[in-house]
Amino acid sequence: MKKSVFRTLCLVCVAVMMAACSNQDDYRQCIPSDVKALCAIDVASIMEKGGLKDLVKDQSSMNNLSELFSESGINLQEKVYMFMTGKEDLVCLIRLDSERKFKKFLKNEFDALIKGEIKSDDGFSYIDDGPVAVVFNDDVAIWSMSQSGATGEAMCLRSMNWIKQKREDSFMMNKDFDVIDKEQSDFFAWVSMDVIPAPFKLTTQMSLPRDVSLDDIHYLASMRFENGKGIIRSTVLPATQAAAEMYDRQVAMMKPIQGTFLPDKDNPLFFWLGFSVDGRKFCKQLEENPDARQMVEGVTFGFNIKKLISSINGDVALGVALPDSGKQMYPVAIRAKLENDSILEDMETMQQMMTMLGVDLKKVENRKYCLKQEAGDFYFGVDRKNHFYYTSDEQLIQPDNENGRPDWTSEIDKNCLYMRMDVAQGVEMFRQIPDPKLQSLMPVLRLMDTIVLKSENNKDCTIVLNAINTEENFLKQILRACITVYGDNQTN
């Protein structure tokens, strides 16, 4: 009896130790520390939410997809990670559950794409194909491609070193990793601003304070699919105290939207964007960028842009309606709450100078001007409430009517930034735009009701993609639409 109890205790201890060792053997420690961009896909969640097994079973060209991956040796219960290193290598990290099946999968499915024989060395199997390399063992596989001229052999060695490296040498020691580790989304992406293409780096760096570099600013975005919607969340992760202070200053210049320029219920807009800002603080932020400083401090035809921006203290809104049939110009209105009407002096000066230059700009009444153009007239001015406006359709700036506001405006409370696009209203317009890329998105756009973006501060943001069908997972709707249109090489 005592031997039996002792044996049981030993087995329990061994099991606990094995579990502990398993937890330490986290395949994410294969991600190198110099990563500049990282994303992860929860394949199991996407397959479940997307209903892939049901969706592909009737598609003759795709009905073996599920069977193919089930025999691939890839552990579909673990996330697939893709990243770009500091050397600009593009890498994909996959967890395996069968090295033998994965080797067979490579030979059968990728033989035409990846040349070369599968070789073995130091406990790894690998394929060396020019700048591309595939390295794997019984636990993980790494596909990598060099963008800096490294050979396939060099990429194989890098991949082997990544697989052998310890946790303390990996990206898991990055201070952002704890935030990433808590992500429960179907997809997420982490990126450093240092990945900006070289032609734009200098300009972007100039827009930042001297003590903040591009690599000091990180972003984390995630996406989750639910019934009737897709939810995207993003947040800024400053890597240094200087970067954090920069964003604190940006947060301080924003205010909760007061609802000064909400649209009317009887005049549904295709697009509405609103935010609330302290104009003086906003100007100070702009002046940290030499190009922006030059723009706001200049005077154009007697009009002082800095004077206008500095006088803003409160809500700013942009509204766009769809044009009537036969018309091409979109009804647009920009409005801003000002502290005073001193900008009217600049408008008067600008009107006189523009008239001398032959521009048809007239003062139609006190505090109101009209710029006549071939495409249509634009009106601008400052009303008696010190509200600046610039519009191509005066109906968009009329006082409230008795029917009140659209229901969705109740969501704006507490947000300092809010945007809404009525996709369903614009589908017919999108269909008529001769852009191949836009037309390729039409199967998805037809499913959508609205796109909403909102933020309570300047660091965190949520985008909600609302579907017309609220009863079914939005990812399943998207995949069904795409498979129906493209699954058997059909055309839209």
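In what follows, residues are counted from 1 in the order of the sequence shown.
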Does any N or O in the side chain of [X] come within less than 3.5 Å of the main-chain N or O of [Y], such that one atom is a donor and the other an acceptor?
X      : Y      : answer
Gln477 : Asn469 : yes
Asn313 : Glu339 : no
Thr409 : Pro406 : yes
Gln147 : Glu88  : yes
Arg405 : Pro263 : yes
Ser146 : Asp89  : no
Gln439 : Ile433 : yes
Thr450 : Val452 : no

Would you say [Y] and [X] are linked by a side-chain donor-acceptor pair, where the criterion is simply a distance under 3.5 Å?
X      : Y      : answer
Thr349 : Glu345 : no
Glu456 : Asn415 : no
Thr235 : Asp460 : yes
Ser45  : Asp186 : yes
Ser213 : Asp215 : no
Glu183 : Ser185 : yes
Asp315 : Ser276 : yes
Glu348 : Tyr369 : yes

Exercise for the section: Please find out if less than 6.0 Å separates the ring center of Trp190 from that of Tyr81. Expected result: no
Exercise for the section: Count the heavy atoms of every other residue, nucleotide or ligand shown that sit under 6.0 Å from NZ of Lys201, and state whether that count exceeds 12. Expected result: yes
Problem - Parallel, tilted or perpendicular: ring planes of His387 versus Phe261, cut at 30 and 60 degrees - result: perpendicular
Practice task
Anything under 30° is parallel, anything over 60° is perpendicular, the rest tilted; go ahead and classify Phe378 against Tyr390.
Solution key: parallel
Handout entry: Cationic N near anionic O, under 4.0 Å, Asp377 to Lys372
Key = yes
Problem - Sidechain N-carboxylate O distance under 4.0 Å for Arg224, Glu226 - result: yes
Problem - Step-by-step side-chain hydrogen bond (donor to acceptor under 3.5 Å, both in side chains) determination, Thr391 to Asp393 - result: CA-CA 5 Å; Thr391 182; Asp393 186 344; 5.9 Å; no
Problem - Within 45° cone and under 6.0 Å: Lys368 NZ/CZ vs Tyr379 ring - result: yes
Practice task
Take Arg233 and Ser222 through the side-chain hydrogen bond (donor to acceptor under 3.5 Å, both in side chains) test and state the conclusion after the steps.
Solution key: CA-CA 5 Å; Arg233 301 188 190 280; Ser222 63; 5.9 Å; no
